[in-house]
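Single-structure report; data block below.
Basis for what follows: all heavy atoms, side chains included, without hydrogens, waters or symmetry-related copies.
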Amino acid sequence: MHTDPLPLVAPLVDASVLWQRIPGMVVVLTPEGQGLFISQTYAEATGTALDPAHGSGWDATLEPASRDALHAALKGRSSFSQQLTLRGRDGRDLWIDCAAHWQAQVQHYICLLHDISALMHSARTQAEQLRLLADNVPSALAYYDAHDFRCVFANRTYAQGFGWDEQSIIGHTFAEVIGEQAAREIQPHVEAMLREHRSISYERRAARPDGSVQWIKVNLMPHLD
């Protein structure tokens, strides 16, 4: 008696069913940025829907700079991680950590998205608290990058002491902030601090924005990572 053999492998489950079971937000994309799938959690969080015919619609709420950066990264055809900003369906901005896993065999990405808005909000709150504290101490405080000597942070006392404000001073070198002559005078101290990886203290004459002269004590402290 002849009977047909039993199948050795069960029929494959639709991939979208598996993707839907992954916890969190999931988006499957081509290197060209077309959407192949969006999970229900992503659709609910963003209020978007995928147009299957064109692979569009999924990125409608992405902030333009985030959208451009993501599409540029997709062209690399390799796994990457990136932070994105999008507008949630409730109107709030969401900060999203995107882990894009390149699937070479099928030529698409499986992107796992995690909402890190609470973490980012906490970090922003701490930064605002630090700014409030720094702006209300009597000392002048500033933080310069050791590679190009550009200002990364300055409190109100420091910025106004050289005729700037807390926003306009950012990105300028200390030579631009305190003047070329003063920068040449303190350069040996800066070099010693960087070379010896230790704090340096010195005193110097400094001109106020109104032209008057004052003596100031300076403490240079290296930020060692």
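- From Q107, atom CD reaches atom CD of E32 across 9.0 Å, with rounding to the nearest 0.5 Å.
- A donor-acceptor pair under 3.5 Å links the side-chain atoms of S79 to the main chain of W102, judged by distance alone.
- Rounded to the nearest 0.5 angstrom, E63 CD and L94 CG are separated by 12.5 Å.
- Hydrophobic clustering of Ile, Leu, Val, Met, Phe, Trp and Tyr side chains at less than 4.5 Å, counting indirect connections, unites I216 with Y158.
- At least one side-chain heavy atom of M221 sits under 4.5 Å from a side-chain heavy atom of S199.
- In the model, N219 has a side-chain atom that pairs as donor or acceptor with a side-chain atom of S201 under 3.5 Å.
- The distance from atom CG of D97 to atom NE2 of H114, rounded to the nearest 0.5 Å, is 6.5 Å.
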(Q) What verdict does the side chain to side chain contact (heavy atoms under 4.5 Å, CB included) test give for T30 and L36, after you've listed the backbone C-alpha separation in whole Å, the side-chain angles of each residue and the deciding distance to 0.1 Å? (A) CA-CA 7 Å; T30 70; L36 302 177; 3.8 Å; yes
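- Here the side chain of S168 pairs no donor or acceptor atom with the backbone of W164 at under 3.5 angstrom.
- Smallest separation of non-hydrogen atoms from L194 and A146: CD2-CB, 4.0 Å.
- Note that the CH2 atom of W95 and the OG atom of S66 stand 11.0 Å from one another [nearest 0.5 Å].
- Considering only heavy atoms from C-beta on, L86 comes within 4.5 Å of I96 through its side chain.
- Here I200 pairs with H189, A192, M193, R198, Y202, L220 under the side chain to side chain contact (heavy atoms under 4.5 Å, CB included) rule; sequence neighbours left out.
- When the side chain to side chain contact (heavy atoms under 4.5 Å, CB included) test is applied to H71, the partners found at least two apart in sequence or on another chain are W58, D59, R67.
- Annotation for E196: atom CD counts as buried by contact number, over 12 foreign heavy atoms lying within 6.0 Å.
- Ring pair F149/F174: centre-to-centre distance below 6.0 Å.
- For G35 against L50, the heavy-atom pair with the smallest separation is O-CD1, 3.6 Å.
- A pairwise comparison of heavy atoms in L84 and C98 identifies CD1-CB, 3.8 Å as the closest pair.
- With sequence neighbours excluded, the residues that form a side chain to side chain contact (heavy atoms under 4.5 Å, CB included) with A73 are F80, Q82.
- When atom types are taken as modelled, the side chain of N155 and the backbone of S139 share a donor-acceptor pair closer than 3.5 angstrom.
- Within the 4.5 Å cutoff, the side chain of I169 has heavy atoms near those of the V177 side chain.
- Separating the OG1 atom in T157 from the CD atom in E166 is a distance of 9.0 Å, to the nearest 0.5 Å.
- When side chains are defined from C-beta on, L29 counts as touching L74, because their heavy atoms get closer than 4.5 Å.
- Contact of the Q105 side chain with the Q103 side chain is registered, since non-hydrogen atoms from C-beta on lie closer than 4.5 Å.
- Side-chain contact check for I186 versus V218: every heavy-atom pair is 4.5 Å or farther apart.
- Between I38 and A43, the shortest heavy-atom contact is CD1-CB, 4.1 Å.
- Judged by distance alone, the side chain of E191 and the main-chain N or O of P188 form no donor-acceptor pair under 3.5 Å.
- Closest approach of P222 and H197 over heavy atoms only: CG-C, 3.9 Å.
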(Q) side chain to side chain contact (heavy atoms under 4.5 Å, CB included), that's the test. Do T48 and Y42 meet it? Break it down for me. (A) CA-CA 8 Å; T48 58; Y42 180 86; 3.6 Å; yes
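- Side chains of Q40 and E44: a donor on one and an acceptor on the other come within 3.5 Å.
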Q: Report the C-alpha separation of I116 and Q83 in whole Å, then their side-chain angles, then the decisive distance to 0.1 Å, and conclude whether the side chain to side chain contact (heavy atoms under 4.5 Å, CB included) test is met.
A: CA-CA 9 Å; I116 57 172; Q83 286 190 1; 3.7 Å; yes
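- Looking at L113 and V26, their side chains never come closer than 4.5 Å, going by heavy atoms from C-beta outward.
- With values rounded to the nearest 0.5 angstrom, T173 atom OG1 is found 8.5 Å from D148 atom CG.
- The minimum heavy-atom distance between Y109 and R77, with the atom names listed, is OH-N, 2.8 Å.
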